[in-house]
Amino acid sequence: MRDIKVMTFNVKALNSPCKRSQIMLLLRKTRSDIVFLQETHFRTGRLPKLPSYPYKQWYHSTHPTSASKGVAIAIHHTVPFILKQQLADAEGRMLLLKGEIASKKFTLVNLYTPNVATVSWLIKALDTVKLFAEGTIVLGGDLNLILNPTVDSSTARSHIAQKHISRLHGKLQELQLIDVWRALNPTMKDYSFYSNPHKSYQRLDYLLTSVSSLSAFSASEIGEITVSDHAPCSAVFALDSMVKRDWSWRLNESLLNNVKYCKQVRSHLDLYFESNSPAHSKHTLIWEAHKAYIRGVFIALGTKVKKEQKN
């Protein structure tokens with residue numbers, strides 16, 4: 001099966017038919033397969049008619065009276081997702097789907113974290129995920145906080161105390177969840193939101209996955225802020241890799257015989273570990289993420305060697 005692209009996007013209201021058309025156009029243009037949407041602003045019992053093509057499966061968590069929340073998960077008709085169990089909260093902030101894709105067990109989680117008691121709410125939500133989840137977890141959402149203020153905020157600061165962020169990191173480690181974009185872009189700085197009150201660019205929108213499945217992810221990017229005040233964030237994973245758990249990639253050991261390439265790899269490793277200190281992330285997550293990062297370095301070197309040999 002082809003690779004699957006997952007996206008998380010705070011859409012800032014979908015009540016307007018015009019806005020829905022803009023969002024659907026963007027999703028089709030980006031060829032997103034599994035989409036986590038936050039702030040749909042749909043109310044319980046008052047869902048608008050949503051297109052069945054190309055997203056055949058729609059799932060929602062809505063609030064009965066408030067139109068300021070709402071989350072949804074949309075699944076492309078080419079993704080053979082079979083739903084086994086669904087769980088939604090009564091506030092329109094959390095939606096969990098447990099099912100299978102090509103006989104592989106997945107738990108899809110969409111969270112829209114409140115901006116009050118943020119860490120406490122998120123830790124309780126993750127406890128719910130822990131009890132509900134089965135198989136590979138793919139979690140997307142607007143977390144309303146910065147996981148690593150040093151690199152995920154233009155001011156290198158957060159309005160949430162570091163001790164609370166550390167508590168959250170402990171919970172993520174407990175569930176063995178890792179930030180896909182940061183794992184694949186360990187030294188890059190990019191942001192998904194501009195905060196007027198804090199006068200800073202911030203990365204509030206995240207895609208997290210099980211550490212054991214990180215190697216299946218090949219790319220992750222943050223899009224542009226256009227039809228919402230948040231940027232869409234996406235990642236691509238190879239379903240076959242997750243199913244077989246027998247990675248098709250193998251290290252070209254001949255690269256280790258080249259002194260120049262060894263120096264380049266060592267330089268990449270030094271830069272990675274300098275940029276990802278234990279002060280901001282847990283040792284386990286740093287170590288697991290470095291495997292995906294250095295694998296990408298070796299793939300790039302191998303591709304370069306093949307091109308040179310052809311020329």
Side-chain angles (χ1 to χ4, degrees), residues 8 10 36 38-39 91 93-94 109-130 133 137-211 214 220 222 225 229-231 233 235 269-293:
T8 184
N10 183 321
F36 302 97
Q38 300 89 41
E39 277 202 78
E91 297 296 314
R93 290 191 177 276
M94 179 168 58
V109 182
N110 189 0
L111 300 179
Y112 174 43
T113 308
N115 55 18
V116 177
T118 307
V119 172
S120 297
W121 186 94
L122 192 48
I123 287 177
K124 288 181 180 178
L126 291 173
D127 282 334
T128 300
V129 173
K130 183 179 179 180
I137 298 173
V138 179
L139 185 156
D142 174 3
L143 303 189
N144 251 317
L145 54 73
I146 307 164
L147 285 179
N148 191 337
T150 303
V151 291
D152 290 336
S153 170
S154 58
T155 60
R157 296 192 302 271
S158 171
H159 65 286
I160 297 177
Q162 183 59 43
K163 64 178 181 180
H164 297 309
I165 296 177
S166 296
R167 281 177 56 217
L168 178 57
H169 277 288
K171 180 58 65 175
L172 292 175
Q173 185 183 33
E174 181 183 325
L175 273 70
Q176 288 292 284
L177 290 177
I178 193 164
D179 175 1
V180 176
W181 188 87
R182 177 54 63 199
L184 299 181
N185 303 279
T187 61
M188 187 181 297
K189 290 188 177 184
D190 201 355
Y191 313 104
S192 62
F193 180 75
Y194 178 75
S195 172
N196 273 313
H198 302 102
K199 303 299 179 185
S200 67
Y201 288 95
Q202 304 172 349
R203 193 161 71 93
L204 303 180
D205 305 85
Y206 293 86
L207 284 167
L208 310 177
T209 194
S210 305
V211 168
L214 179 61
S220 183
I222 298 174
I225 298 175
D229 58 352
H230 286 249
C233 303
L269 283 172
D270 289 342
L271 181 60
Y272 173 85
F273 285 111
E274 286 174 6
S275 303
N276 295 273
S277 67
H280 305 297
S281 299
K282 297 295 182 179
H283 289 85
T284 306
L285 299 184
I286 294 174
W287 180 253
E288 292 296 333
H290 112 277
K291 295 177 185 178
Y293 174 64

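Positions are given from 1 along the sequence.
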Inset, instruction - Begin with the C-alpha distance, continue with both residues' side-chain angles, and end with the deciding distance and a verdict on side chain to side chain contact (heavy atoms under 4.5 Å, CB included) for Ile222 and Met188. - result: CA-CA 11 Å; Ile222 298 174; Met188 187 181 297; over 6 Å; no
Inset, instruction - Measure the shortest side-chain to side-chain distance between Leu177 and Lys171 over non-hydrogen atoms and say whether it is less than 4.5 angstrom. - result: no
Inset, instruction - Please tell me if the side chains of Ile123 and Leu168 come closer than 4.5 Å, counting only heavy atoms from C-beta onward. - result: yes
Legend entry - Check: Ile146 and Leu204 side chains under 4.5 Å, non-hydrogen atoms: yes
Legend entry - Distance-minimising heavy-atom pair for Ala183 and Ile178: CB-CD1, 4.4 Å
Inset, instruction - Check side chain to side chain contact (heavy atoms under 4.5 Å, CB included) between Asn115 and all other residues, then give those that pass, not counting sequence neighbours. - result: Asn144
Legend entry - Arg182 and Asp152, any side-chain heavy atoms less than 4.5 Å apart: yes
Legend entry - Heavy-atom pair with the smallest gap, counting every atom of Gly141 and Asn110: CA-OD1, 4.2 Å
Legend entry - Smallest separation among heavy atoms of Val151 and Tyr191, with atom names: O-CE2, 4.1 Å
Legend entry - Verdict with supporting geometry, Leu208 and Leu175, side chain to side chain contact (heavy atoms under 4.5 Å, CB included): CA-CA 11 Å; Leu208 310 177; Leu175 273 70; over 6 Å; no
Inset, instruction - Determine the minimum heavy-atom distance between Ser192 and Asp205, stating which atoms define it. - result: OG-OD1, 2.6 Å
Inset, instruction - Side-chain contact test, heavy atoms from C-beta onward, threshold under 4.5 Å: evaluate it for Val119 versus Leu145 and give yes or no. - result: yes
Inset, instruction - With rounding to the nearest 0.5 Å, note down the distance linking OG1 in Thr118 to NE2 in His159. - result: 5.5 Å
Legend entry - Side chain to side chain, Trp121 and Leu111, heavy atoms closer than 4.5 Å: yes
Inset, instruction - Any chance you could measure Phe193, atom CZ, to Asn10, atom CG, to the nearest 0.5 Å? - result: 8.5 Å
Inset, instruction - Look up atom CD1 in Ile160 and atom CZ in Arg167, then write down how far apart they are to the nearest 0.5 Å. - result: 10.5 Å
Inset, instruction - Kindly say whether Ala117 contributes a backbone atom to a donor-acceptor pair with the side chain of His164 at under 3.5 angstrom? - result: no
Inset, instruction - Under the side chain to side chain donor-acceptor pair (under 3.5 Å) rule, collect the residues that match up with Thr8, sequence neighbours excluded. - result: Gln38
Legend entry - Euclidean distance, Leu172 CG relative to Glu174 CD, rounded to 0.5 Å: 10.0 Å
Legend entry - Partners passing salt bridge (Lys or Arg N to Asp or Glu O under 4.0 Å) against Arg93 (at least two apart in sequence or in another chain): none
Legend entry - Straight-line distance of Thr155 OG1 to Tyr201 OH, nearest 0.5 Å: 12.5 Å
Inset, instruction - Return the minimal non-hydrogen interatomic distance between Val180 and Ser220, and the atom names on each side. - result: CG1-CB, 4.1 Å
Inset, instruction - For residues Trp181 and Asp190, determine if any side-chain heavy atom of one lies less than 4.5 Å from a side-chain heavy atom of the other. - result: yes
Inset, instruction - Keeping the roles fixed (side chain from Thr209, backbone from Ile137), state whether a donor-acceptor pair exists under 3.5 Å. - result: yes
Legend entry - Inter-residue atom distance Thr113.OG1 - Leu143.CG, 0.5 Å rounding: 5.0 Å
Legend entry - Gln202, His230, Lys199 screened by side chain to side chain contact (heavy atoms under 4.5 Å, CB included) with Tyr194, the one that passes: Lys199
Inset, instruction - Considering non-hydrogen atoms only, spot the tightest contact between Phe36 and Val138 and give its length. - result: CZ-O, 3.7 Å
